[in-house]
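The model shown is predicted, which means the values in this text are computed figures rather than measured ones.
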Amino acid sequence: MAIDCIKTMPSITTPHHHPKDQDQCKDDGKSFVFDAQVLRHQTNIPQQFIWPDHEKPNTNAPELQVPLVDLGDFLSGNPVAAVEASRLVGEACKKHGFFLVVNHGVDKTLIAHAHNYVDTFFKLPLSEKQKAQRKIGESCGYASSFTGRFSSKLPWKETLSFRYKAEESSSKHIEEYFHNRMGEDFAEFGTVYQDYCEAMSTLSLGIMELLGMSLGVSREHFREFFNENDSIMRLNYYPPCQKPDLTLGTGPHCDPTSLTILHQDQVGGLQVFVDNEWRSINPNFDAFVVNIGDTFMALSNGIYRSCLHRAVVNSQTPRKSLAFFLCPKNDKMVTPPHELVDTCNPRIYPDFTWPMLLEFTQKHYRADMKTLEVFTNWLHQRSFT
């Protein structure tokens with residue numbers, strides 16, 4: 001996921017952060033419009049989408065071998081299966097933070113419907129999609145690339161993001177969102193994604209049990225922390241590009257959120273940076289790709305690390321994916337459990353709430369592999385002013 005910023009904050013300086021290297025945001029009022037139905041056929045892609053040579057994609061990246069975690073017996077209450085699943089999850093999170101889950105209990109028909117409605121939405125005329133246009137400073141809504149925000153290194157994609165709240169009082173929140181933004185014709189659309197997000201929330205809480213066990217804290221600790229999660233659902237659509245070797249569907253970044261549950265179609269394009277090279281995670285329609293983000297890295301006191309990843313595009317076939325970003329309830333303080341802090345393992349990150357980090361990535365910093373480090377420095381600066 002790339003929850004991108006509005007502008008670079010030049011006052012933040014660390015050995016790893018150079019403001020002059022960050023994309024500057026447009027302020028001339030002449031933002032370029034990314035119309036996928038037009039640009040997918042152009043052989044000369046706009047300069048804004050051409051990435052620097054050192055960041056251009058390798059479309060033949062070797063496959064990354066990630067653990068395949070079978071959740072079937074774990075979800076049925078088998079304690080031996082829980083121990084084995086938590087071991088696999090723990091090993092993955094110490095290496096690169098990515099693993100696959102199968103026999104996850106999510107209805108295959110629901111997944112298929114969710115993918116079908118991605119096509120339904122992104123095949124609409126641009127003017128229709130813009131009814132849900134994301135406003136400056138917001139993390140939800142429709143975005144045609146990130147035109148209007150940056151002047152270079154734009155991603156070759158469209159996204160539709162919306163909020164999911166696990167509280168019972170918000171049981172129809174997504175349905176209401178689509179009815180209000182897109183009209184009555186999107187009632188079923190909203191129902192499908194309401195059901196999908198509820199399934200993702202349930203799956204997330206199960207994975208949180210495994211993460212707790214793998215870290216040696218109680219099985220319930222992180223499950224209870226995220227029980228009333230306030231999360232983000234994102235539909236990603238990567239149209240074909242006639243010069244896929246020049247651009248990226250999503251630039252290199254670490255997710256600032258807690259946990260990402262991704263379902264890919266069969267096209268492929270997800271790459272992870274491991275051992276100083278980009279490697280691909282091949283599609284598996286029966287599996288979800290799971291990775292931890294910066295917020296959970298803070299909750300684990302740095303024991304588990306979020307990992308740099310990106311998406312590449314191709315010249316022939318659109319790619320789509322469903323990404324659920326688990327986030328804690330807004331008033332929850334992100335602080336590691338006491339079992340993970342001692343004299344040998346002191347606190348690495350200060351306490352913060354998810355809205356603080358979200359605001360930072362929306363207004364001050366474009367998410368990358370140093371987001372949490374720079375955010376920590378930013379918090380320290382604020383505490384002395």
Any side-chain to backbone donor/acceptor pair from [X] onto [Y]? Under 3.5 Å, distance only.
X	Y	answer
Glu158	Leu235	no
Ser145	Pro155	yes
Ser201	Cys197	no
Thr247	Pro244	no
His104	Asp286	yes
His263	Phe285	yes

Between atom [atom1] of [X] and atom [atom2] of [Y], what is the distance when rounded to the nearest 0.5 Å?
X	Y	atom1	atom2	result
Leu211	Met213	CG	CE	11.0 Å
Ile303	Arg305	CD1	CZ	11.5 Å
Met182	Phe189	CE	CZ	7.5 Å
Ser258	Ile292	OG	CD1	10.0 Å
Phe296	Cys327	CZ	SG	13.5 Å
Cys241	Lys157	SG	NZ	14.5 Å

Enumerate the salt bridge (Lys or Arg N to Asp or Glu O under 4.0 Å) contacts for [range], please, sequence neighbours excluded, ordered by first and then second residue.
range	answer
residues 114-126	Asp119-Lys320
residues 261-275	Asp275-Arg279
residues 179-192	none

For Lys243 and Thr43, run side-chain hydrogen bond (donor to acceptor under 3.5 Å, both in side chains): C-alpha distance rounded to whole Å, both residues' side-chain angles, the deciding distance at 0.1 Å, then the answer. CA-CA 7 Å; Lys243 295 291 178 62; Thr43 53; 5.7 Å; no

Quick one: do Val69 and Val102 satisfy side-chain contact (heavy atoms from CB on, under 4.5 Å)? Show the steps, please. CA-CA 6 Å; Val69 183; Val102 294; over 6 Å; no

By side chain to side chain donor-acceptor pair (under 3.5 Å) - contacts of [X] (at least two apart):
X	answer
Arg223	Glu209
Glu198	Gln194
Asp70	Asn103

Tell me, please, which residues at least two apart from [X] pass salt bridge (Lys or Arg N to Asp or Glu O under 4.0 Å).
X	answer
Asp53	Lys56
Glu84	Arg87
Lys131	Glu128
Arg40	none

Examine the side chains of [X] and [Y] and answer whether a donor and an acceptor come within less than 3.5 Å of each other.
X	Y	value
Ser231	Asn229	yes
Lys129	Ser144	no
Arg347	Thr335	yes
Thr250	Tyr238	yes
Gln130	Tyr142	no

Please assess Tyr164 against Ile232 for the test side-chain contact (heavy atoms from CB on, under 4.5 Å), listing each intermediate value before the final yes or no. CA-CA 6 Å; Tyr164 168 75; Ile232 299 169; over 6 Å; no

For residues Ile50 and Ile45, determine if any side-chain heavy atom of one lies less than 4.5 Å from a side-chain heavy atom of the other.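 Side chain of Ile50 against side chain of Ile45, heavy atoms only: contact under 4.5 Å found.
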
Evaluate Ser214 against Tyr304 for side-chain hydrogen bond (donor to acceptor under 3.5 Å, both in side chains), listing each step before the verdict. CA-CA 10 Å; Ser214 70; Tyr304 291 168; 2.7 Å; yes

Does Ile261 belong to the same Ile/Leu/Val/Met/Phe/Trp/Tyr cluster as Phe225, with side-chain heavy atoms less than 4.5 Å apart forming each link?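 Ile261 clusters together with Phe225.
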
Out of curiosity, does Val267 fall in the hydrophobic cluster containing Trp278 (side-chain heavy atoms, cut-off under 4.5 Å, transitive links)?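 No, separate clusters.
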
Applying side-chain contact (heavy atoms from CB on, under 4.5 Å), run through His338 and Val341 and close with a yes or a no. CA-CA 5 Å; His338 65 85; Val341 181; 5.9 Å; no

Would you please indicate yes or no on a ring centroid separation below 6.0 angstrom for [Y] and [X]?
X	Y	value
Phe222	Phe226	no
Phe375	Phe352	yes
His253	Phe273	no
Trp156	Phe34	yes

Listing request: all ring pair (Phe, Tyr, Trp, His ring centres under 6.0 Å) pairs with a residue in residues 80-103, at least two apart in sequence or in separate chains.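 Only Phe98-His309 qualify under ring pair (Phe, Tyr, Trp, His ring centres under 6.0 Å).
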
Any pair counted as ring pair (Phe, Tyr, Trp, His ring centres under 6.0 Å), so long as it reaches residues 54-88, sequence neighbours left out: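 As it turns out, there is no ring pair (Phe, Tyr, Trp, His ring centres under 6.0 Å) pair with a partner in residues 54-88 once direct neighbours are skipped.
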
Closest non-hydrogen atom pair between Trp51 and Gly251, with its separation: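 Trp51 and Gly251 have their closest heavy atoms at CH2-CA, 3.5 Å.
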
Over all heavy atoms of both residues, which pair between Tyr237 and Pro318 is shortest? Give the atoms and the distance, please.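 The pair with the smallest heavy-atom distance is OH-CB, 3.5 Å.
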
Worked check of side-chain contact (heavy atoms from CB on, under 4.5 Å) between Thr257 and Leu326: CA-CA 7 Å; Thr257 48; Leu326 182 71; over 6 Å; no

Ring geometry between Phe178 and Tyr193 (parallel below 30°, tilted from 30 to 60°, perpendicular above 60°):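 Tyr193 and Phe178: tilted rings.
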
Evaluate side-chain hydrogen bond (donor to acceptor under 3.5 Å, both in side chains) for Asn301 paired with Asn345, printing each intermediate quantity in order. CA-CA 8 Å; Asn301 199 32; Asn345 301 284; 5.9 Å; no

How far apart are the C-alpha atoms of Arg310 and Glu55, what are their side-chain angles, what is the distance that settles it, and do they pass the salt bridge (Lys or Arg N to Asp or Glu O under 4.0 Å) test? CA-CA 11 Å; Arg310 68 184 185 183; Glu55 293 185 281; over 6 Å; no

Among Lys329, Arg163, Lys332, the one residue meeting salt bridge (charged side-chain N to carboxylate O under 4.0 Å, His left out) with Asp230: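 Of the listed options, the one satisfying the test is Arg163.
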
Please step through side-chain hydrogen bond (donor to acceptor under 3.5 Å, both in side chains) for the pair Asp294 and Ser306, ending with a clear verdict. CA-CA 6 Å; Asp294 290 340; Ser306 54; 2.4 Å; yes

